[in-house]
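Quick caveat, the model's predicted, so the values are computed rather than measured. Throughout, residue positions are numbered sequentially from 1 according to the sequence presented.
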Amino acid sequence: MGFFVFLPLVLPLTAVPIARLTGQHLHPRGAARLMTVISAVMAVCSVLCLGLIGVVGTAQIPGNPLPDSWSDPEVRAALPYHETVGTAAMWLLALVLAACLRTAFRHVRVRSRARRALTGLPEVSGPGGDLAVLPDHSPYAYALPGSPGRVVVSTGMLDGLAEDEREALLAHERAHLVHRHHRYLLTTQLAANVNPFLRPLQEAVAFSAERWADEESAQAVGDRRITARAVARAALVSRAVPGPGFAAFAAPAPAPGPVPRRVAALLGPVPSSRNWPPAKTPAGLAALVAAVGTAASALCALNAAVALLVVLKAVTPL
């Protein structure tokens, strides 16, 4: 194990460049998928290594629930340990578990409350989901995942948009439902709870999911300018979405925030359909660094786990 067991805790820093350069030479669909996979793998490796550090570091503490053979001299000689570090790792692991459970519980609770609030409302069927119009003068719109998914929009939002802009809004939200963007958002949020170094990826995936839906909306209405105008106009009057994991059409943000960047991208050319940036570009180099960091994190975690299992198997009586 040695020093390598600590590397997965800091290797997520290698993904920071790709999070900052995600909009360059890469379709938002590919960016969201790539960064979600990186986040998930690095989060799992971080949890695994925290667990290994905790187990090895606390094996000799009296009263621990581990088998007695795990604290044999042979194990201590083969696996470097420190009781303080091990105890700290176990506390961190407990905090990570509590944070993830809190996030998952809040996500389920908000979705459940939103569904109950829609009970009895008339539905307007449409491609990709069902539309629920709330009689509320406050303007907002979001995609509510589930079976079936619902596009929730207030009358205040619809009144503030022209007819073609409404079509762009609904196409945007239905794209969130069709491509299950809430799963990307929740996965990266849980990963950021595990390792704070993954928070830039969480923000980048949230932006890429919105850009992905923007491109789907522009394709559905056949005019990128209509979608850009709808995003900009909705952002001027929008309220925040009701909870985590909800993909909003637009939310107020000062320049150079996400909304101005989305509008600028829609007013520009259609992004390339490639899922990996060209190698001889800053984005390509950043993607390569992130891929190497992810692979190194997985290898270090696997190496530490195998080393521990081999040693424990050698000293544990059959």
Side-chain angles (χ1 to χ4, degrees), residues 18-39 126-129 131 141-145 149 151-153 157 161-188 201-236 238 241 245-251 253 255-278 281 283-284 286-287:
I18 189 60
R20 298 184 180 278
L21 297 173
T22 182
Q24 299 183 17
H25 309 292
L26 198 62
H27 193 280
R29 175 185 60 248
R33 290 173 175 171
L34 173 64
M35 290 184 292
T36 300
V37 170
I38 291 174
S39 294
L131 175 63
Y142 57 89
L144 177 61
V151 174
V152 182
V153 59
M157 175 65 81
L161 300 178
E163 184 63 32
D164 53 359
E165 295 169 351
R166 295 175 188 173
E167 183 182 353
L169 179 149
L170 298 180
H172 176 102
E173 297 302 341
R174 284 171 178 145
H176 284 314
L177 294 176
V178 170
H179 298 291
R180 302 182 184 276
H181 288 167
H182 64 282
R183 295 183 177 179
Y184 296 83
L185 301 179
L186 183 58
T187 298
T188 53
L201 286 177
Q202 176 192 357
E203 298 171 358
V205 168
F207 177 76
S208 294
E210 293 300 328
R211 282 283 302 116
W212 183 355
D214 286 343
E215 293 300 327
E216 294 283 330
S217 173
Q219 185 175 5
V221 301
D223 192 329
R224 297 171 63 82
R225 288 185 174 274
I226 292 177
T227 302
R229 191 171 67 243
V231 170
R233 183 170 297 179
L236 295 176
S238 288
V241 293
F246 287 80
F249 180 63
V259 170
R261 289 164 56 198
R262 288 168 56 193
V263 172
L266 285 167
L267 295 178
V270 178
S272 170
S273 60
R274 69 172 77 244
N275 292 322
W276 191 268
T281 62

Any luck finding a side-chain donor-acceptor pair between E210 and H172 under 3.5 Å?
yes
Let me confirm one number: the [atom1]-[atom2] distance from [X] to [Y], rounded to the nearest 0.5 Å.
X: Q219; Y: T227; atom1: CD; atom2: OG1; value: 10.5 Å
X: Y184; Y: H176; atom1: OH; atom2: NE2; value: 12.5 Å
X: E167; Y: D223; atom1: CD; atom2: CG; value: 10.5 Å
X: S217; Y: L169; atom1: OG; atom2: CG; value: 8.0 Å
X: I226; Y: E163; atom1: CD1; atom2: CD; value: 11.0 Å
X: T187; Y: H182; atom1: OG1; atom2: NE2; value: 9.0 Å

Any side-chain heavy atom of [X] sitting closer than 4.5 Å to one from [Y]?
X: R233; Y: L161; value: yes
X: T36; Y: V205; value: yes
X: E165; Y: V221; value: no
X: E173; Y: V153; value: no

What's the verdict on side chain to side chain contact (heavy atoms under 4.5 Å, CB included) for L21 and L26, showing C-alpha distance, side-chain angles and the deciding distance?
CA-CA 9 Å; L21 297 173; L26 198 62; over 6 Å; no
E215 meets the side-chain hydrogen bond (donor to acceptor under 3.5 Å, both in side chains) criterion, sequence neighbours left out, with R211, R224
With under 30° as parallel and over 60° as perpendicular, where do the rings of W212 and H181 fit, or are they tilted in between?
tilted
Closest contact, heavy atoms only, [X] versus [Y]:
X: L177; Y: A143; result: CD2-CB, 3.8 Å
X: V259; Y: A235; result: CG1-CB, 3.5 Å
X: A220; Y: A171; result: CB-CB, 3.8 Å
X: R262; Y: F207; result: CG-CE1, 3.6 Å
X: M35; Y: I18; result: SD-O, 4.2 Å
X: L201; Y: A19; result: CD2-CB, 3.8 Å

Around atom CZ of R166, are there more than 12 heavy atoms of other residues, nucleotides or ligands at under 6.0 Å?
yes
According to salt bridge (Lys or Arg N to Asp or Glu O under 4.0 Å), who are the partners of D164, at least two apart in sequence or on a separate chain?
R229
